[in-house]
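One structure is given here, and the rest of the page talks about it.
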Amino acid sequence: MTTSTTTATTTRELTVRGIVLGGIITLVFTAANVYLGLKVGLTFATAIPAAVISMAILRRIGGTSVQENNIVQTIASAAGTLAAIIFVLPGLIMIGWWQDFPYWTTVALCAIGGTLGVMYSVPLRRALVTGSDLPYPEGVAAAEVLKVGTGTEGDADQNARGLKIILKGALVAVAFNILGALKLASTEVTKAVRIGSGGTAFSASLSLALIGVGHLVGLTVGVAMLVGLAIAWLVLVPIFTSGDVSGAAVADVVDKTFTSDVRFVGAGTIAVAAIWTLLRILAPIARGIREASASARARRQGDTVDITERDLPITIVGGTIVLSLLPIGLLLWTFLNGTTIGGSTALTILVSLVFVLLIGAVIAAVCGYMAGLIGSSNSPISGVGIVVVLVASLLMVVVHGRDGDAHQVTSLVAYTLFVTAVVFSIATISNDNLQDLKTGQLVGATPWKQQAALVVGVVFGSIVIAPVLNLLNSAFGFQGAPGAGDNALAAPQASLISALAKGVFGGDLEWGYLGLGAAIGVVVIIVDEVLTRRSRFNLPPLAVGMGLYLPMALSLLIPIGAILGHLYDRWADRRNDPEHAKRLGVLMATGLIVGDSLFGVVYAGIVAGSGKDSPLAIVGEGFTSWANGIGMIVFVAAIGWLYSSTRGTVRNEERITADRTG
C-alpha cells in the first residue's frame with residue numbers, strides 16, 4: 001500500500017461538464033458503432049477520438065486538465081466496447097424468438113452486465129496494470145495524445161515537436177483512408193493460392209493503425225501472433241481444404257474453411273490459453289484485492305493514500321456484484337416465463353446466476369489480459385463469446401437434457417443466448433476498462449473516478465443500443481431470420497454464436513476442431529514454459545491463439561508493425577538519448593491510431609447519413625486491380641516515409657542540443 005502525507009489534489013477531474021460531454025459523445029458513438037458493426041461489418045475505436053474532441057472543446061471553455069479530458073475519453077470508450085453486444089443479441093431475432101429488441105430488457109441487460117464488467121476489473125488494475133509489463137497499446141496511445149495535447153510532458157519545444165509527429169501520422173492515416181473510401185486504393189489485399197490438392201490465402205488489411213498497434217505491443221507479442229497465423233494458414237487451411245479446391249473456387253473454399261473450421265481451432269487454443277493465463281495471474285489478482293482492501297482501511301482510518309492508488313472501495317465493488325444478481329435473476333425469470341422450459345425454473349436461474357458470477361470473473365480477467373496484449377479494439381472478443389456460449393449451452397444440457405421437442409430446444413437456445421449476452425456485456429467492458437486505467441496511470445488519474453466514469457458511460461451507451469438495433473432490424477432484418485429479405489444484414493458473429501448453441505443442443509457440433517485447438521494450446525504452453533526458463537524469449541499462448549483465430553487481414557499487420565517497431569528501437573538505442581528517441585516512435589505510432597480512429601468517426605456519419613455501404617466511391621469494380629497496386633505502393637511508401645521522418649526529427653533534435661551545448 002502506498003501512503004502519502006501530501007494534501008488531496010485540487011486538479012479538475014470528475015466534473016459535471018466532463019460527464020455531460022462524455023455522455024453526449026457516448027450516445028453518438030455507440031449509435032454509430034452499432035450501425036456500422038451490423039451494416040458494414042466494422043467498428044471504430046472511440047477513446048482517442050473522444051480525447052481529441054474533449055481537448056478541443058474544454059480548451060476553448062478554459063480551466064481544463066489532462067485528468068478531466070481523461071475522464072471524458074473514459075466515459076466515451078464505453079461506446080466502442082458495449083456496442084459489441086451486437087455479436088450476440090441479433091441471434092434472438094435470427095432464431096425467431098424475438099421480433100424486435102425489447103427496450104427496457106435490452107437497456108437493463110447491457111447496463112447491468114457492463115457495470116459488472118467495471119466491478120470485476122477493479123481488483124484487476126493492480127494485477128494487470130500497475131503490477132504488469134503488458135503493453136496496452138491503445139491505452140499508451142491515448143495517454144500520449146492527452147499528455148502532448150495538454151502540454152504536460154516535457155518542455156514546450158518537445159511538446160510542439162511531439163504534437164507535430166502525432167499530427168503527421170494522423171494526417172497520413174486519414175489521407176490513406178480517404179483514398180480507400182474513394183476506392184482509388186484498396187485497403188485490403190488478398191490472394192488465394194493452391195498448395196497441392198488444397199489451398200490457402202494471403203491477405204492484409206492495409207490499416208496504418210494496425211502498424212501503430214504492432215509498434216506499441218512489441219516483438220514478443222508480434223512473433224507469437226505470427227506463429228498462430230502460420231499454424232492457421234500454412235498448416236491447417238491447406239490440410240482442411242485438401243481435395244476441395246478447383247479453379248476459381250479456391251478463394252471461396254479457403255474463406256469458408258477458415259470461418260467454419262479453423263476459427264473453432266483458434267477458439268479452442270484461446271480457451272486453453274485463457275485458463276492457463278488465469279491460473280498464472282490468480283496470485284497477482286488476490287494480492288490486488290488485499291491491497292485494495294488495505295487501501296480502503298487506511299483511508300477510513302484517516303491515512304492519506306496517493307490518489308493514483310485509490311480504487312472504488314472493495315466493499316462497494318463486492319456489494320455491487322452481489323446486489324446485481326437480483327436484477328439479473330429477475331431478467332432471467334421474466335425471460336423464462338415466455339418459454340416452454342418448465343419444471344425447473346428455480347434450478348435453471350440458480351445455475352445461470354452462478355455461471356454469470358464465476359464465468360464473468362474469469363472472462364473479465366482474460367479479456368483484460370488480451371486488451372493488455374494487443375489492445376481492446378483488436379481483441380478477439382467474439383472468440384470469447386464462442387467459449388461462453390459453449391459452456392452455457394453445456395450447462396443447460398446438464399439441467400434439461402436434449403430430449404425436448406423442437407419448440408423446447410428453441411427455448412433453450414434462446415435462453416442460453418440471453419445468458420451469454422449478460423456475460424458478454426461483462427467481457428466487453430472489462431476488455432476496455434483496464435485499457436482506460438492504463439491511460440489513467442500514465443496521466444496521474446484517480447482510479448476510482450475513472451471506474452465511476454465508466455459506469456456512467458455504460459448507462460449512456462445502454463440507452464441507445466436498443467433503438468439502433470430496432471431501426472436496423474425494421475429497415476433490413478438479419479440473414480437467417482424468418483422473413484429476412486435480400487438486403488438483410490449478415491451479423492456473422494451473432495449467426496455463428498446462435499449456430500453453436502443450436503449445435504450443442506442438437507448434438508451435431510464439431511467438437512474435434514475445438515479439441516485440436518486445445519491440444520495446440522497445451523503444446524504452445526509447454527514451449528512457452530521451456531523458452532521462459534531456458535532463454536530470454538517467450539511465446540505468450542494467448543497471443544498465439546489470437547493469431548490462429550483472427551483473420552489474416554488483421555493478424556498479419558500487427559506482427560509487421562512489431563518488427564518495424566523493434567528495428568526502430570534498436571536504431572534508437574544508438575542515439576544520444578535513447579528513451580526520448582523511442583518516445584518519438586511511440587508518438588508516430590500513436591498518430592496512426594489517432595488518424596484511423598478519427599476517420600472512422602467521420603466515415604460512420606457519412607455512411608449513416610447516406611445509407612450506402614461505400615458512399616464516397618468514385619470508381620467502379622473495374623478499377624480494383626489498379627486499386628490493389630496503388631494501395632500497396634502508397635501503404636509501403638507512407639510507412640517508410642513516416643519512420644524516416646521520425647528518425648530525421650531525432651537527428652535534428654540532437655543537432656539542436658549539440659549546438660546549445662557546444
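Computation of the quantities below employed the complete heavy-atom set of this structure, encompassing side-chain atoms and omitting hydrogens, waters and symmetry-equivalent molecules. Everything quoted here is computed from the prediction, not taken from an experiment.
Taking CD1 of Ile316 as the reference point, atom CH2 of Trp448 lies at 9.0 Å (rounded to 0.5 Å). Of the inter-residue distances, the one linking Ile639 atom CD1 with Met588 atom CE reads 9.0 Å to the nearest 0.5 angstrom. The structure places CG of Leu21 at 8.5 Å from CD of Glu68, a figure rounded to the nearest 0.5 Å. Met119 contributes atom CE, which lies 9.0 Å from atom CG of Leu454 (distance to the nearest 0.5 angstrom). The CG atom of Asn473 lies 11.5 Å from the CG atom of Leu89; values are rounded to the nearest 0.5 Å. Separating the OG atom in Ser425 from the CG atom in Leu109 is a distance of 5.0 Å, to the nearest 0.5 Å.
More than 12 heavy atoms of other residues, nucleotides or ligands shown are found within 6.0 angstrom of NZ on Lys582.
Side-chain atoms of Ile25 and Ile75, non-hydrogen and from C-beta on, never get closer than 4.5 Å to each other. Using a 4.5 Å cut-off on side-chain heavy atoms (C-beta onward), Asn470 and Thr106 make no contact. Within the 4.5 Å cutoff, side-chain heavy atoms of Leu442 are placed close to those of Val140. In this structure, the side chains of Leu124 and Tyr369 stay at 4.5 Å or more apart for every pair of heavy atoms. At least one side-chain heavy atom of Tyr103 sits under 4.5 Å from a side-chain heavy atom of Ile463. Looking only at side-chain heavy atoms (C-beta outward), Leu434 and Leu437 come within less than 4.5 Å of each other. Looking at heavy atoms from C-beta onward, Tyr136 lies out of side-chain contact with Gln441 at the 4.5 angstrom threshold. Glu653 has its side chain within reach of His580: a pair of non-hydrogen atoms, C-beta onward, lies under 4.5 Å apart.
A donor-acceptor contact shorter than 3.5 Å is absent between the side chain of Ser645 and the backbone of Trp641. In this structure, the side chain of Ser644 does not engage the main chain of Gly640 through any donor-acceptor pair within 3.5 Å. With hydrogens and angles disregarded, a donor-acceptor distance shorter than 3.5 Å links the side chain of Gln450 to the backbone of Asp436. Side chain of Asn177 to backbone of Ala173: a donor-acceptor contact under 3.5 angstrom is found. Listed for the Glu144 side chain is no donor-acceptor partner under 3.5 Å among the backbone atoms of Val586. In this structure, Gln451 contributes its side chain and Val122 its backbone to no donor-acceptor pair below 3.5 Å. At least one donor-acceptor pair closer than 3.5 Å links the side chain of Gln435 to the backbone N or O of Gly139.
The only member of Ile429, Val317, Asn433, Ile426 that meets side chain to side chain contact (heavy atoms under 4.5 Å, CB included) when paired with Tyr120 is Ile426.
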Could you walk me through whether Val443 and Asn69 pass side-chain contact (heavy atoms from CB on, under 4.5 Å), step by step? CA-CA 10 Å; Val443 301; Asn69 285 292; over 6 Å; no
How far apart are the C-alpha atoms of Gln67 and Ile71, what are their side-chain angles, what is the distance that settles it, and do they pass the side-chain contact (heavy atoms from CB on, under 4.5 Å) test? CA-CA 6 Å; Gln67 290 82 10; Ile71 287 292; 6.0 Å; no
Step by step, work out the side-chain contact (heavy atoms from CB on, under 4.5 Å) result for Asn70 and Gln73. CA-CA 5 Å; Asn70 178 56; Gln73 73 84 17; 2.9 Å; yes
Test log, rule side-chain contact (heavy atoms from CB on, under 4.5 Å), inputs Leu58 and Arg17: CA-CA 9 Å; Leu58 294 181; Arg17 67 181 187 178; 3.8 Å; yes
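Looking at residues two or more places apart in sequence or on another chain, you find no salt bridge (charged side-chain N to carboxylate O under 4.0 Å, His left out) involving Lys168.
What you find for Ala453 and Thr74 is that their closest heavy atoms are CB-CG2, 4.2 Å. Between Ala427 and Ile363 the shortest heavy-atom distance is CB-CG2, 3.2 Å. The heavy-atom pair separating Phe101 from Ala466 by the smallest distance is O-CB, 4.4 Å. Residue Ser205 comes nearest to Leu557 through the heavy atom pair O-CG, 3.2 Å, listed as atom of the first residue, atom of the second, then distance. Annotation for Ile19 and Phe460: closest pair O-CE1, 4.2 Å, computed over non-hydrogen atoms. The shortest non-hydrogen separation linking Ala562 to Gly222 is CB-CA, 3.9 Å.
Using bins of under 30°, 30° to 60° and over 60° for the plane-to-plane angle, the ring pair Tyr568/His215 lands in the tilted bin.
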